[in-house]
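Please read the structure below before turning to the comments.
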Amino acid sequence: MRHVRAASAVTLALAITAAATGCGGGTTGTGSNESPKTLTYWASNQGPSIEADKEILTPELKKFEKETGITVKLEVVPWADLLNRILAATASGQGPDVLNIGNSWSASLQATGALLPWDDKSFDEIGGRDRFVDSAVASAGKEGEPPAAVPLYSLAYALYYNKKMFAEAGIEKPPATWDELVAAGQKISKGDKWGLGAEGGNLSNNIHQVFALGQQHGADFFDQDGKATFTSDGAVAAVKQYVDFMAKDKIIAPGNAEYAQNQSLTDFAKGKTAMVLWQAAASTFAAQGMKPDEWGAAPVPVPSGAPGTGKQVNSMVAGINIAVFKNSKNLDGAKKFVKFMTGDAQQKHLNKTYGAIPPVKAAQADAAFGAPDLKVLRDTLATSAAPLPQVPNESQFETAVGTAVKELWADAAAGRPVTEKSVRARLEKAQQTMQQ
């Protein structure tokens, strides 16, 4: 198993500061077209494995090469490594021409100055800003500034459940509230079967889950001035509730504390786990032999009632953006590649393959995105999802608090008590790190 290679928040801050002040070619270069026949592309791991992504993307890159004469060198980067790789590249200037970024990182990476700003002129080169859903563009950078990237895949979290395991446990419908989820999970968690899966070693996933729970507890993790509020009562309650699925409720297997490479999806596909909270899992389930009628998707639970705004938020606004390094040696080719990847045909094909929602309006209207699981994602994005804090140090937040949650998972797996006091202490440490 590969463990998360988590940099400290101090390291992340230094990387951002170095890039923002011009240390390294990441921001000092203005880009050129001196290498017009080649591009390097860092793609995020969207499918069930790195190899699966290569198989999905390589034929599409060949189409681009045939159309333009530009060869694209592809590297699929695991999520556990992606942010650190990008931050190192922004500081050193040694990065790809084009890269995928989590949309929650947009403001942080924008602050480095290393990414090409997408002003109206640049958007016009790829068909215009109005081709894209407004909320998707809004998650591509700080409000009031040209976006640092272009939306590529739109996502939200859903609760995926194994229909056979539910039937065998006498559970008639997916849980709508957290109490119902715990009750269903405890019915299933017997022997080598478990109710819920998690990726305890994946810092970004930890943040996504506790952020949504934080919204339900009235916590944003930052105040209106962008100051960290990690130790608020709501934040502490959210983190404790999440880790308690293992520590107290006993519906998550202890081994999940170290998962960071989609192992929870593998367990789900193999019938070891009945539920998992995920952004887009259809392609992974299919690749691992599951038929579409063997699983279902439902909205992520809420404390009571139905998902909606305010304390009924049940997902962060998720998605993947595509960005261009400002010092690319093939700026024109990089823009052509972004135009290709966000074209209607590619948007339909890639989002359908990955089980995501196209941020391009014309592609989103395609009948392929009316499947029941995709409808859950579309409805969630439209009615009950909230964006992660659009602050420059958001990436530090993911590392600092994501690591705190990872450490609490380790405590739970080892049988050490996870109390309000211990949760608050971990979050206090994370907050102090952010303030250094």
Side-chain angles (χ1 to χ4, degrees), residues 16 19-20 26-27 29-31 39 41-44 46 82-83 86-87 89-90 95-156 204 222 226 316-328 331-344 346-347 350-351 356-364 381-382 385-395 397-398:
I16 290 174
T27 57
T30 57
L39 285 173
Y41 174 41
W42 285 0
S44 51
Q46 299 299 128
L82 185 59
L83 180 57
I86 294 171
L87 287 170
T90 63
D97 296 288
V98 185
L99 69 159
N100 288 3
I101 65 173
N103 67 357
S104 63
W105 306 337
S106 295
S108 293
L109 296 178
Q110 185 179 43
T112 71
L115 302 183
L116 179 75
W118 286 86
D119 56 18
D120 290 342
K121 180 181 178 181
S122 292
F123 262 113
D124 287 344
E125 292 181 46
I126 62 170
R129 181 171 178 154
D130 60 356
R131 293 181 61 240
F132 298 87
V133 175
D134 288 341
S135 60
V137 178
S139 68
K142 185 178 178 181
E143 185 177 359
E145 297 182 12
V150 176
L152 184 62
Y153 312 126
S154 288
L155 298 162
S204 294
F222 289 89
M316 46 86 73
V317 176
I320 310 302
N321 297 337
I322 188 167
V324 173
F325 259 92
K326 196 162 61 176
N327 67 342
S328 166
L331 273 176
D332 287 348
K335 288 184 179 180
K336 289 179 181 178
F337 184 65
V338 173
K339 182 177 181 179
F340 172 79
M341 293 292 281
T342 58
D344 291 357
Q346 290 304 115
Q347 281 286 290
L350 290 173
N351 279 277
I357 304 297
V360 171
K361 297 173 185 176
Q364 191 177 103
L381 282 169
L388 283 173
Q390 293 294 306
V391 293
N393 57 356
E394 194 282 330
S395 60
F397 163 55
E398 291 200 18

Under the 3.5 angstrom rule, does the side chain of Gln364 hit a backbone N or O of Pro359 as a donor-acceptor pair? no
N/O donor-acceptor pair under 3.5 Å between Arg131 side chain and Thr342 backbone: yes
Compare every heavy atom of [Y] with every heavy atom of [X], then report the nearest pair and how far apart it is.
X: Ala43; Y: Asn100; value: CA-ND2, 3.8 Å
X: Gln110; Y: Pro146; value: NE2-O, 2.9 Å
X: Pro96; Y: Tyr41; value: CB-N, 4.5 Å
X: Leu155; Y: Ala356; value: CD2-CB, 3.4 Å
X: Asn321; Y: Pro151; value: OD1-CA, 3.4 Å
X: Trp42; Y: Ala89; value: CH2-CB, 4.1 Å

Where do Trp105 and Leu83 land on the side-chain contact (heavy atoms from CB on, under 4.5 Å) test, with the steps shown first? CA-CA 8 Å; Trp105 306 337; Leu83 180 57; 3.8 Å; yes
Candidate list Ser154, Ser104, Pro387, test side chain to side chain contact (heavy atoms under 4.5 Å, CB included), partner Val317, passing option: Pro387
If you round to the nearest 0.5 Å, how far is [atom2] of [Y] from [atom1] of [X]?
X: Asn351; Y: Leu152; atom1: CG; atom2: CG; value: 7.0 Å
X: Leu388; Y: Ser106; atom1: CG; atom2: OG; value: 10.5 Å
X: Ile320; Y: Leu350; atom1: CD1; atom2: CG; value: 12.5 Å
X: Ile357; Y: Gln347; atom1: CD1; atom2: CD; value: 11.0 Å
X: Phe132; Y: Ile126; atom1: CZ; atom2: CD1; value: 4.0 Å
X: Leu39; Y: Lys336; atom1: CG; atom2: NZ; value: 10.0 Å

Name all residues meeting the ring pair (Phe, Tyr, Trp, His ring centres under 6.0 Å) criterion together with Tyr153; count only those two or more places apart in sequence or in a different chain, and write none if there are none. Tyr354
Using side-chain contact (heavy atoms from CB on, under 4.5 Å), reason through Val137 and Trp118 one step at a time and then give a plain yes or no. CA-CA 10 Å; Val137 178; Trp118 286 86; over 6 Å; no
Over 12 non-hydrogen atoms of neighbours within 6.0 angstrom of CG in Asp120: no
Heavy-atom count check: over 12 atoms from other residues, nucleotides or ligands less than 6.0 Å from Lys361 NZ? yes
Just so I know, are the side chains of [X] and [Y] near enough to count as touching, which here means a heavy-atom distance under 4.5 Å?
X: Ile101; Y: Leu82; answer: no
X: Phe123; Y: Asp130; answer: no
X: Ile322; Y: Phe337; answer: yes

Judged by modelled atom types alone, do Glu394 and Ser108 share a side-chain donor-acceptor pair under 3.5 Å? no
Not counting sequence neighbours, list each pair that qualifies as a side chain to side chain donor-acceptor pair (under 3.5 Å) and has a residue in residues 136-147. Asn103-Ser139
